[in-house]
Protein chains: 2
Amino acid sequence: MFELYFKKVNEKISLTAAEEELCKSFFVYKKLRKRQYLLQEGEVNKYTAFVEKGVLRSYTVGENGAEHILQFALEGWSIGDIYSFITGEPSKYNIDALEDSELLLLSKPAVDEMMLRVPKIQQYYYLQMQNAYVALQRRMTMNISQTAEEKYKTLLAAYPEIIQRVPQHMIASYLGVKPETLSRIRRKKL
Amino acid sequence: MFELYFKKVNEKISLTAAEEELCKSFFVYKKLRKRQYLLQEGEVNKYTAFVEKGVLRSYTVGENGAEHILQFALEGWSIGDIYSFITGEPSKYNIDALEDSELLLLSKPAVDEMMLRVPKIQQYYYLQMQNAYVALQRRMTMNISQTAEEKYKTLLAAYPEIIQRVPQHMIASYLGVKPETLSRIRRKKL
DNA sequence: AAATAGCATTGACATTTGTCAAGTAAATAC
DNA sequence: GTATTTACTTGACAAATGTCAATGCTATTT
């Protein structure tokens with residue numbers, strides 16, 4: 001149940017068996033059914049979730065009720081509202097499961113303790129943070145410089161799994177276009 | 001010449017006079033004339049720059065020669081290509097000054113050494129990284145959910161100084177619209 | 001199996017944004 | 001100070017995307 005997590009960690013740093021065992025003790029395992037919330041707007045985000053299995057998404061809801069998707073997280077990715085997690089303020093985001101999913105949760109005290117007991121792991125999380133930032137920057141560049149069709153192609157090339165496993169109207173929201181527009185873009189290439 | 005930097009740092013953590021002195025020794029002071037580069041595409045980004053005075057911007061250049069602006073940095077902000085800084089790979093970004101500017105540069109070895117000698121400062125940089133991420137996330141949400149006009153208003157409300165000090169066509173690029181479109185948006189409200 | 005609800009597709013049309021071209025204003029160079 | 005370049009504005013038109021409404025499809029519920 002920790003296979004994927006340590007696979008990912010050991011791509012970046014290397015932990016001894018003893019260190020791995022110690023790490024495990026800080027996580028809480030959680031299953032989420034499709035459509036279940038991990039976090040709802042207004043709650044404090046107490047955990048960052050590593051996805052062992054399934055797909056989650058984070059999103060906001062506008063005044064008009066429209067959903068705006070910020071992030072998808074497939075197996076091997078992490079998700080959570082960092083801002084709320086750190087500050088303890090209520091989150092503006094919702095996070096829920098798009099498929100039945102299995103998660104490894106880490107609370108803030110657990111992170112702190114883990115960093116203390118297994119200092120090496122700090123580097124992994126720092127790298128993670130950087131990667132997340134860089135990825136977001138890339139998405140930003142894509143968004144200001146490309147048309148709807150180009151954005152779709154870029155996403156398809158970079159993360160084909162997302163396109164396959166996520167409903168189309170959510171992909172549209174992620175790209176910042178209407179579902180009808182995405183449907184028309186897709187029709188072109190059949 | 002370090003006033004602004006320590007003003008910012010001490011908003012988050014508190015350093016003793018001795019610690020401040022120690023910190024100072026890790027920075028390199030640099031003046032940049034308007035239009036001068038801090039970083040050019042293809043170079044390795046060796047420094048993160050804290051802006052004491054002036055305005056810088058980071059941007060990419062597309063195949064068609066169009067510039068896409070990623071970030072502005074006014075007094076009190078930092079700028080640099082984190083990815084290149086960390087990995088040592090050549091940067092895909094350009095960074096230059098939009099006004100005569102004064103910078104405090106920190107190299108990677110200097111950061112490492114500073115963190116070691118003044119551990120407290122680690123927290124400041126971790127917070128900085130988080131804030132940068134959260135700000136980018138906000139911008140992303142704005143970009144996928146708002147029209148050109150709304151994006152302009154949002155930017156104007158959040159960072160009026162940017163609008164005043166940066167050429168309009170760069171604002172347009174930052175928002176992901178054409179200069180003509182921005183000009184027409186601005187005309188409406190006079 | 002039938003009923004329901006949500007999702008994807010399509011068409012007609014409206015709105016927003018982009019493109020091209022021209023002209024003016026402002027900044028910079030000489 | 002004049003010349004030259006660069007930035008901003010404006011208009012006419014084109015292209016992209018959004019809106020609204022109808023339809024069929026698929027999955028879920030009962």
Side-chain angles (χ1 to χ4, degrees), chain A residues 33-37 54-55 57 59 61-69 72 94 96-100 142-156 162-190, chain B residues 32-37 54-55 57 59 61-69 72 94 96-101 142-156 162-190:
Chain A
R33 284 267 161 69
K34 184 172 176 171
R35 307 238 51 198
Q36 255 191 301
Y37 285 108
V55 195
R57 98 249 231 208
Y59 63 101
V61 180
E63 329 72 47
N64 49 12
E67 294 178 355
H68 298 293
I69 293 187
F72 297 112
N94 299 278
D96 62 14
L98 302 182
E99 300 176 0
D100 291 355
M142 168 179 101
N143 246 277
I144 61 173
S145 63
Q146 298 185 164
T147 64
E149 183 166 350
E150 289 168 333
K151 286 191 279 186
Y152 177 73
K153 282 184 186 163
T154 303
L155 180 64
L156 186 59
I162 290 183
I163 308 266
Q164 286 159 3
R165 292 171 63 181
V166 168
Q168 255 187 70
H169 70 279
M170 292 188 190
I171 305 277
S173 166
Y174 180 85
L175 295 175
V177 301
K178 299 291 150 184
E180 294 95 331
T181 301
L182 182 55
S183 174
R184 286 176 179 119
I185 287 169
R186 282 167 54 90
R187 177 173 41 167
K188 286 195 203 174
K189 56 202 60 160
L190 294 183
Chain B
L32 224 54
R33 284 264 162 71
K34 183 171 179 172
R35 307 240 50 198
Q36 257 191 298
Y37 285 108
V55 194
R57 94 240 236 215
Y59 64 101
V61 179
E63 330 73 48
N64 49 12
E67 294 177 355
H68 299 293
I69 293 187
F72 297 111
N94 299 279
D96 63 12
L98 302 181
E99 300 176 2
D100 293 353
S101 302
M142 168 180 101
N143 245 277
I144 62 173
S145 63
Q146 299 186 162
T147 65
E149 182 166 351
E150 289 168 333
K151 287 192 277 185
Y152 177 73
K153 281 183 186 164
T154 303
L155 180 63
L156 185 60
I162 290 184
I163 309 266
Q164 285 159 4
R165 291 172 64 182
V166 168
Q168 255 188 69
H169 70 277
M170 293 188 189
I171 304 279
S173 166
Y174 181 85
L175 295 175
V177 300
K178 298 291 151 184
E180 295 94 329
T181 301
L182 182 55
S183 175
R184 287 179 177 116
I185 288 169
R186 282 166 55 90
R187 177 171 44 166
K188 288 197 201 169
K189 56 203 60 161
L190 293 185

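The structure presented is a predicted model; accordingly, all values stated were derived computationally and were not measured. Residue numbering restarts at 1 for every chain, and letters A, B, ... go by the order of the sequence lines.
Atom NZ of B/Lys188 and atom C1' of C/dT15 are 10 Å apart (whole Å). The nearest whole Å value for the distance from the CD atom in A/Glu149 to the P atom in C/dG18 is 16 Å. Per the geometry, CG belonging to B/Leu175 stands 11 Å off P belonging to C/dG18, to the nearest Å. The CD1 atom of A/Ile171 sits 12 Å away from the P atom of C/dT9 (whole-angstrom rounding). Residue A/Lys151 contributes atom NZ, which lies 12 Å from atom C1' of D/dA16 at whole-angstrom precision. Between the CG atom of B/Asn64 and the P atom of C/dG18 there is a distance of 14 Å, rounded to whole Å. For B/Leu182 and C/dT16, the CG to P distance is 16 Å, given to the nearest whole Å. Note: CD (A/Glu150) to C1' (C/dG18) measures 13 Å, nearest angstrom.
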**OP:** Run the numbers on A/Ile144 and B/Lys151 for side-chain contact (heavy atoms from CB on, under 4.5 Å), then give the verdict.
**Re:** CA-CA 12 Å; A/Ile144 61 173; B/Lys151 287 192 277 185; 6.0 Å; no
**OP:** Verify side-chain contact (heavy atoms from CB on, under 4.5 Å) between B/Arg186 and B/Ile171, making sure each step is shown before the conclusion.
**Re:** CA-CA 12 Å; B/Arg186 282 166 55 90; B/Ile171 304 279; over 6 Å; no
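Rounding to the nearest 0.5 angstrom, the gap separating the NZ atom in B/Lys34 from the OG atom in B/Ser101 is 10.5 Å.
In the helix from C/dA1-D/dT30 to C/dC30-D/dG1, the rotation axis of the first five pairs and that of the last five pairs differ in direction by 50°, rounded to 10 degrees.
Partners of A/Asn94 according to the side chain to side chain donor-acceptor pair (under 3.5 Å) rule, which considers only residues two or more places apart in sequence or in another chain, do not exist here. With sequence neighbours excluded, the residues forming a side-chain contact (heavy atoms from CB on, under 4.5 Å) with A/Thr154 are A/Met142, A/Gln146, listed by chain and number. With sequence neighbours left out, the side chain to side chain donor-acceptor pair (under 3.5 Å) criterion links B/Glu99 to B/Arg165. Residues satisfying the salt bridge (Lys or Arg N to Asp or Glu O under 4.0 Å) test with A/Glu67, not counting sequence neighbours, are A/Arg57. For B/Glu150, the salt bridge (Lys or Arg N to Asp or Glu O under 4.0 Å) criterion is met by no residue, not counting sequence neighbours. Applying the ring pair (Phe, Tyr, Trp, His ring centres under 6.0 Å) test to A/Phe72 and every residue at least two apart in sequence or in another chain returns A/Tyr174.
Every pair tested for salt bridge (charged side-chain N to carboxylate O under 4.0 Å, His left out) that includes a residue from residues 172-183 of chain A fails, sequence neighbours excluded, so the list is empty.
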Are there any protein N/O atoms within less than 3.5 Å of an N/O atom in nucleotides 19-25 of chain C, and if so, which ones and at what distance?
| from | atom 1 | to | atom 2 | distance (Å) |
| --- | --- | --- | --- | --- |
| C/dT19 | O4 | B/Arg184 | NH1 | 3.4 |
| C/dC20 | N4 | B/Glu180 | OE2 | 3.4 |

Every protein N/O lying under 3.5 Å from an N/O of nucleotides 6-8 of chain C:
| from | atom 1 | to | atom 2 | distance (Å) |
| --- | --- | --- | --- | --- |
| C/dA8 | OP1 | A/Gln168 | N | 2.8 |
| C/dA8 | OP2 | A/His169 | N | 3.2 |
| C/dA8 | OP2 | A/His169 | ND1 | 3.1 |

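When A/Arg184, A/Lys188, A/Arg187 are each tested for a salt bridge (Lys or Arg N to Asp or Glu O under 4.0 Å) with A/Glu149, only one passes: A/Lys188.
In terms of position along DNA chain C, the nucleotide closest to B/Ala148 lies nearer the 5' end than the nucleotide closest to the other residue of the pair B/Ala148 and B/Lys34.
In terms of phosphate contacts, B/Arg187 brings a side-chain nitrogen or oxygen within less than 4.0 Å of OP1 or OP2 of D/dT10.
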